[in-house]
Number of protein chains: 2
Amino acid sequence: MNNAQLAIDNETGHAAGVNDWLGNGQSAQIKMGNSFTTTNERTLDVHEHLFMIGDKQTHLYQILEGVIGIYKMLPDGRRQIVTFYYPGDIIGGGDKSNWTQHAEALCNAKVRCIPASTVDTLITTEPGFGQALLSMLATELEETRDQLLSLGRKSALEKVATFLLRISRRNKREGTEEGLLHLPMKRAEIADYLGLTIETVSRNITKLKTTGIIRLESKSLVSVKDISLLEELADGGC
Amino acid sequence: MNNAQLAIDNETGHAAGVNDWLGNGQSAQIKMGNSFTTTNERTLDVHEHLFMIGDKQTHLYQILEGVIGIYKMLPDGRRQIVTFYYPGDIIGGGDKSNWTQHAEALCNAKVRCIPASTVDTLITTEPGFGQALLSMLATELEETRDQLLSLGRKSALEKVATFLLRISRRNKREGTEEGLLHLPMKRAEIADYLGLTIETVSRNITKLKTTGIIRLESKSLVSVKDISLLEELADGGC
DNA sequence: GTTCTGAATTGATACATATCAATACACAGA
DNA sequence: TCTGTGTATTGATATGTATCAATTCAGAAC
């Protein structure tokens, strides 16, 4: 998760996240007080856009399957992917009325669409929901700042190591194998996320491979052989 | 501002920002319902730290004077400044319990300290305050994502142009001269913000100068001679 | 005024990553 | 199985920025 689970619910002691109100996608209904709102799902093919920059922000989206890439572009075509959203993550939640970047499915994906009006209602009627949103945004800001450190100050090898480590840590949080990393995106998308070229990403993956830190089970499946060496590289060689 | 002024107050039609509740620093009192909370000011010398990474987040800070730089570091000393906070800006507002970066005064500065407990109270008692915080964080996230685009995909010259343009636009918003830019920070700090070295920053400022786009009134005072050329450069040469 | 000191600028060179180009690979369709 | 096509890898070279080094500049202290 991206992640909305930091606001502590004082009564139960469990972490109250945005998903506690929005559900996990099993049900198409969201309970608000004693009324319900119905949500609908949307399926996206690879490369299909969920929204484009400037589009009206009519909904929040909860990722159910697949990965969505959020990106900005320069007029000459240079692209910077600012986030990858994974299942469980929520896109949106700020109060901007229009999207300020593009959102594209990097593989086949499914999202649940939650009307912005529902969110507005939840904020006023459900105590704690606004807090959970705040928490989610704070986490997202924090992760974006980490990415600034990568882009501004790390070498290509360190960037790639950091990227892999981030996936590993997500796996750990989600309870899946932290040493087996599935890369649902292409090298070009990793490059646009790390501020590198395809070739440099490829060369540095190869370097990690020949060093014995990782093994390439396939082009999109990496197994980590030495996680502490990977961490050392990611955190700046010291 | 950084900026908390996007939530629209439906009754007055004016932009409701966090500062509407926290005041502008003239008064040391914050009204909450019919009770008051007293805040205190803190003065910082150049290079003095407001907080360090890991410190307990006991307060929010409202910048009254000067500029505060927020930064992350790698163990070997490489530094990335993630934001500059200016007068009117609020530092904090997420719900993290500890600071995840360092905050240092880049020149003599003054801040107002607002206890975290006061913020918690305001969220529950003052309708709209939570929304304003949400709005502030969303704006901050958006600006950080713009910076990702700069760091990941722009050339040194474009980065410097973007940096200057950002100051110009802040001036415009604040109602001061958009063509006259005061740089309260040193070249080293600009470099650590843009992911460059001091020398590269200096060379590119010189380049903008010899091109006639800017004029250096002094080392820390820039006047913009051709703002549309500066914009063209900043947005990626097209 | 002179001297001192940190900061900024400028120059020469090194180096990391981009660019251009050529395979190699893997999977889909015939 | 073969062929076609998009993707990844690898190689050779170019280039932008970092690094190392030397002035220059501006303000503070005397």
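What's counted below: heavy atoms across the whole structure, side chains too, no hydrogens, waters or symmetry copies. Note on naming: letters A, B, ... go to the chains in the order of the sequence lines (proteins, then strands), and numbering restarts at 1 for each one.
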Note to self: Any side-chain to backbone donor/acceptor pair from A:H182 onto A:S220? Under 3.5 Å, distance only.
What the structure shows: yes
Item checked: N/O donor-acceptor pair, side chain A:R153 with base D:dT17, under 3.5 angstrom -> no
Next item on the list: State whether the side chain of A:N98 and the backbone N or O of A:G54 hold a donor-acceptor pair below 3.5 Å, judged by distance alone.
Entry: yes
Check: A:L216 has an atom CG; how far is it from atom P of C:dA24, in whole Å?
Finding: 19 Å
Check: If you take atom types as modelled and just measure distance, does the side chain of B:R203 reach the base of D:dG16 with a donor-acceptor pair under 3.5 Å?
Finding: no
Notebook entry, point to check: Atom NZ of A:K207 to atom P of C:dA16: distance rounded to whole Å?
Noted result: 8 Å
Check: Does C:dA18 have OP1 or OP2 sitting under 4.0 Å from an N or O in the side chain of A:T200?
Finding: yes
Check: For A:S218, which contact category applies under a 4.0 Å heavy-atom criterion: base, sugar-phosphate, or nothing?
Finding: nothing
Check: What distance do B:I90 atom CD1 and B:I63 atom CD1 have between them, rounded to the nearest 0.5 Å?
Finding: 8.0 Å
Notebook entry, point to check: Just how far, in rounded Å, is C1' of D:dG6 from CD1 of A:I198?
Noted result: 11 Å
Next item on the list: For B:S155, answer base if it contacts any base atom (sugar-phosphate contacts may also be present), sugar-phosphate if it contacts only those atoms, and nothing otherwise; contact means non-hydrogen atoms under 4.0 Å.
Entry: sugar-phosphate
Check: Rounded to the Å, how far apart are B:E199 CD and D:dA22 P?
Finding: 14 Å
Notebook entry, point to check: When the distance from CG of B:N204 to P of D:dT17 is rounded to whole Å, what number comes out?
Noted result: 7 Å
Checklist line | Mutual orientation of the aromatic rings belonging to A:H102 and A:Y71 [parallel < 30°, tilted 30-60°, perpendicular > 60°] | finding: parallel
Notebook entry, point to check: Hey, does the side-chain of A:R187 have a donor or acceptor N/O within less than 3.5 Å of a partner on the base of D:dT10?
Noted result: no
Item checked: Separation of atom CD1 in A:I190 from atom C1' in D:dT7, rounded to whole Å -> 12 Å
Next item on the list: Report which part of the nucleic acid A:L196 touches: base, sugar-phosphate, or nothing (heavy-atom distance under 4.0 Å, all strands).
Entry: sugar-phosphate
Checklist line | Spacing of B:I213 atom CD1 and B:L233 atom CG [to the nearest 0.5 Å] | finding: 5.0 Å
Margin query: Without decimals, in angstroms, what is the distance between A:L221 CG and D:dA8 P?
Written below: 14 Å
Item checked: Integer-rounded Å distance: D:dG6 P and A:K219 NZ -> 16 Å
Note to self: With a 4.0 Å cutoff (strictly under), does any side-chain N or O of B:T197 reach OP1 or OP2 of D:dT19?
What the structure shows: no
